Novice: 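My questions all concern the structure below.
In this text, all values refer to a predicted model and were calculated from it rather than measured experimentally. Heavy atoms only: backbone and side chains are in, while hydrogens, waters and symmetry mates are out.
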Amino acid sequence: MSGRLKGKRVCVAGGATGIGEAVCRLVCKEKAAELYITDINDEAGEILAQELNFAFDTEVIYRHLDVANEAEWITVIKEQPLGFEILANCFGVGGPLVRPKVADTDNDAWHKVMDINATGVFLGMKHVIPGMRKAGYGSIVNVVSIYGLVGPEFATSYAASKGAARSLTRTAAVQYAKDNIRINGVYPGFTNTPMTKDIHNDPIIRASRLGQTPMARFAEPVEIALGVLFLASDEASFITGAELVIDGGMTAC
């Protein structure tokens, strides 16, 4: 099937690389009218926008966006006077910053992770929802994490931030269901992305993660992006507050 997003105005936050990039490619393939790619990785974002503009009919625009900065969210959202019909929040911070256990977690690191992974989701929804309410329609997909569902041995601040994003997604889904705004979460398992590259190159961590995953491999970004596409599209018209887990069976164990 093609044209699943035909005519839609879409914003993908964290769209320059990884899962977000894969989402952007699918958005264009499915014939969205307009795509805003937002990120702090300006070089990668600009290159991707140029590539997609050349390859597809979708109008693709790149804008710098620090998701923890409310003023930058306001600027991006206001640039589209008709509002966005779809918002995909695909950003996140991980790596060494999030690995210590509770007693060893630095306060500054904690706040940085929470500001991006939790507050960033809140700000995006806060500022896109008014336009969706005015239009009478909207779909928001938040890419969360299996670590919002299970308690890892490490990753204290990361897991806490993703747990917050999970609860926020479900709460907002209930609050805006009567406005015909659907809000859902995608929960990736271990995935090959630029954020996980160094982690997955560590042989001990790699073996541990593969051992936790019944399918015994890592996901590719497009496998997660396809779930985002489904929930964003009208095919999921009666789905809100859902948790789509794409983890190779990890949380079934």
Novice: Any donor-acceptor pair under 3.5 Å linking the side chain of Ser233 with the backbone of Glu235?
Specialist: yes
Novice: Closest approach of Thr58 and Asn53, non-hydrogen atoms and distance?
Specialist: O-OD1, 3.4 Å
Novice: Is the backbone N or O of Leu229 less than 3.5 Å from a side-chain atom of Arg4, with the two atoms forming a donor-acceptor pair by type?
Specialist: no
Novice: Do the side chains of Tyr137 and Met132 get nearer than 4.5 Å, heavy atoms only?
Specialist: no
Novice: Measuring from Phe230:CZ to Leu244:CG, what's the distance to the nearest 0.5 Å?
Specialist: 8.0 Å
Novice: Are Tyr147 and Val143 co-members of a hydrophobic cluster defined by side-chain heavy atoms under 4.5 Å apart?
Specialist: no
Novice: When you compare the side chain of Met250 with that of Val245, does any pair of heavy atoms fall below 4.5 Å?
Specialist: no
Novice: For the atom pair OG1 (Thr251) and CD (Glu243), what is the distance rounded to the nearest 0.5 Å?
Specialist: 10.0 Å
Novice: Do the non-hydrogen side-chain atoms of Thr191 and Thr196 ever get within less than 4.5 Å of each other?
Specialist: no
Novice: Spell out, as yes or no, whether a donor-acceptor pair under 3.5 Å connects the side chain of Trp73 to the backbone of Val67.
Specialist: yes
Novice: On the six-membered ring of Phe84, is Lys8 placed so that its NZ or CZ lies under 6.0 angstrom from the centre and within 45° of the ring axis?
Specialist: no
Novice: Is there a donor-acceptor pair under 3.5 Å between the side chain of Glu85 and the backbone N or O of Arg9?
Specialist: yes
Novice: Quick one: does Asp115's side chain have a donor or acceptor within less than 3.5 Å of a partner on Thr119's backbone?
Specialist: no
Novice: With a 4.5 Å heavy-atom cut-off, do Ile129 and Ile140 have their side chains touching?
Specialist: yes
Novice: Looking only at heavy atoms, what is the nearest atom pair of Val12 and Gly20, with distance?
Specialist: CG1-O, 3.8 Å
Novice: Could you label the plane-to-plane angle of the Phe218 and Phe190 rings as parallel, tilted or perpendicular, counting under 30° as parallel and over 60° as perpendicular?
Specialist: perpendicular
Novice: Taking C-beta and beyond as the side chain, do Lys112 and Asp108 meet within less than 4.5 Å on heavy atoms?
Specialist: no
Novice: Determine, for Arg217 against Glu223, whether the closest basic-nitrogen to carboxylate-oxygen distance falls under 4.0 angstrom.
Specialist: yes
Novice: How long is the gap from NZ on Lys197 to OG1 on Thr17, to the nearest 0.5 Å?
Specialist: 12.0 Å
Novice: What heavy-atom pair brings Met114 and Ser157 nearest, and what distance separates the two atoms?
Specialist: SD-O, 4.1 Å
Novice: For a side chain to side chain contact (heavy atoms under 4.5 Å, CB included) with Asn142, tell me which candidate from Val186, Leu87, Ile183 qualifies.
Specialist: Ile183
Novice: I'd like to know if the side chain of Thr193 and the backbone of Met195 have a donor-acceptor N/O pair within less than 3.5 Å.
Specialist: yes
Novice: Establish, from distance only, whether the side-chain atoms of Asp42 and Tyr62 form a donor-acceptor pair under 3.5 Å.
Specialist: yes
Novice: With side-chain contact (heavy atoms from CB on, under 4.5 Å) as the test, would you mind laying out the steps for Cys11 and Val128 before giving the verdict?
Specialist: CA-CA 10 Å; Cys11 178; Val128 81; over 6 Å; no
Novice: Determine, using the 4.5 Å side-chain heavy-atom cutoff (strictly less than), whether Val113 and Leu123 are members of one ILVMFWY cluster.
Specialist: yes
Novice: Which value, rounded to the nearest 0.5 Å, describes the distance between Tyr187 atom OH and Ser145 atom OG?
Specialist: 9.5 Å
Novice: Would you confirm whether Asp234, through its side chain, and Ser237, through its main-chain N or O, come within 3.5 Å as a donor-acceptor pair?
Specialist: no
Novice: Can you give me the closest heavy-atom contact between Ile224 and Pro188, atom names plus distance?
Specialist: CG2-CG, 3.7 Å
Novice: If the threshold is 4.0 Å, N to carboxylate O, is there a salt bridge linking Glu72 and Arg63?
Specialist: no
Novice: Could you give the distance from CD1 (Ile40) to CD1 (Ile116), rounded to the nearest 0.5 Å?
Specialist: 6.5 Å
Novice: Can a donor-acceptor pair be found between the side chains of Ser208 and Gln212 at a distance below 3.5 Å?
Specialist: yes
Novice: Please determine whether residues Val144 and Tyr158 belong to a single hydrophobic cluster, defined as Ile, Leu, Val, Met, Phe, Trp and Tyr linked transitively by side-chain heavy-atom distances below 4.5 Å.
Specialist: yes
Novice: Tell me if a side-chain donor or acceptor on Asn117 pairs with a main-chain N or O of Val93 at a distance below 3.5 Å.
Specialist: yes
Novice: Check whether Thr38 reaches the backbone of Leu65 with its side chain - one donor and one acceptor, N or O, closer than 3.5 Å.
Specialist: no
Novice: With a 3.5 Å distance limit and no angle check, can you tell me whether Asn180 reaches the backbone of Gly136 through a side-chain donor-acceptor pair?
Specialist: yes
Novice: Show your reasoning for whether side-chain contact (heavy atoms from CB on, under 4.5 Å) applies to Asn201 and Arg206.
Specialist: CA-CA 7 Å; Asn201 281 339; Arg206 182 179 183 85; 5.6 Å; no
Novice: Hey, could you give me the SG/NZ distance between Cys24 and Lys29, rounded to the nearest 0.5 Å?
Specialist: 15.0 Å
Novice: Mind listing the closest non-hydrogen atom pair of Cys90 and Val23 along with its distance?
Specialist: SG-CG2, 4.0 Å
Novice: Are Arg166 and Leu149 packed together at the side-chain level, in the sense that at least one heavy-atom pair is separated by less than 4.5 angstrom?
Specialist: yes
Novice: Is it true that Glu70 and Lys126 make a salt bridge, defined as a side-chain N closer than 4.0 Å to a carboxylate O?
Specialist: yes
Novice: Can you get from Leu52 to Val76 by hopping between Ile, Leu, Val, Met, Phe, Trp and Tyr side chains that sit under 4.5 Å apart?
Specialist: no
Novice: Can you tell if the side chain of Glu21 reaches within under 4.5 Å of the side chain of Arg25, non-hydrogen atoms only?
Specialist: yes
Novice: How about Ile239: does its CD1 atom have over 12 heavy atoms from other parts shown lying under 6.0 Å from it?
Specialist: yes
Novice: Mind checking whether His200 and Asn192 have side chains closer than 4.5 Å, heavy atoms only?
Specialist: yes
Novice: Applying the 4.5 Å side-chain criterion to the ILVMFWY set and letting contacts propagate, would Val121 and Ile37 be lumped into a single cluster?
Specialist: no
Novice: Determine, for Glu30 against Lys6, whether the closest basic-nitrogen to carboxylate-oxygen distance falls under 4.0 angstrom.
Specialist: no
Novice: For atom CG of Asp104, decide whether the heavy atoms of other residues, nucleotides or ligands shown that lie under 6.0 angstrom number more than 12.
Specialist: yes
Novice: Show, in sequence, the C-alpha distance, side-chain angles and deciding distance for Asn184 and Arg182, and conclude whether the side-chain contact (heavy atoms from CB on, under 4.5 Å) test is met.
Specialist: CA-CA 7 Å; Asn184 293 290; Arg182 298 183 301 100; 3.6 Å; yes
Novice: Would you name the heavy atoms of Ser139 and Leu231 that are closest together and state the gap between them?
Specialist: OG-O, 3.3 Å
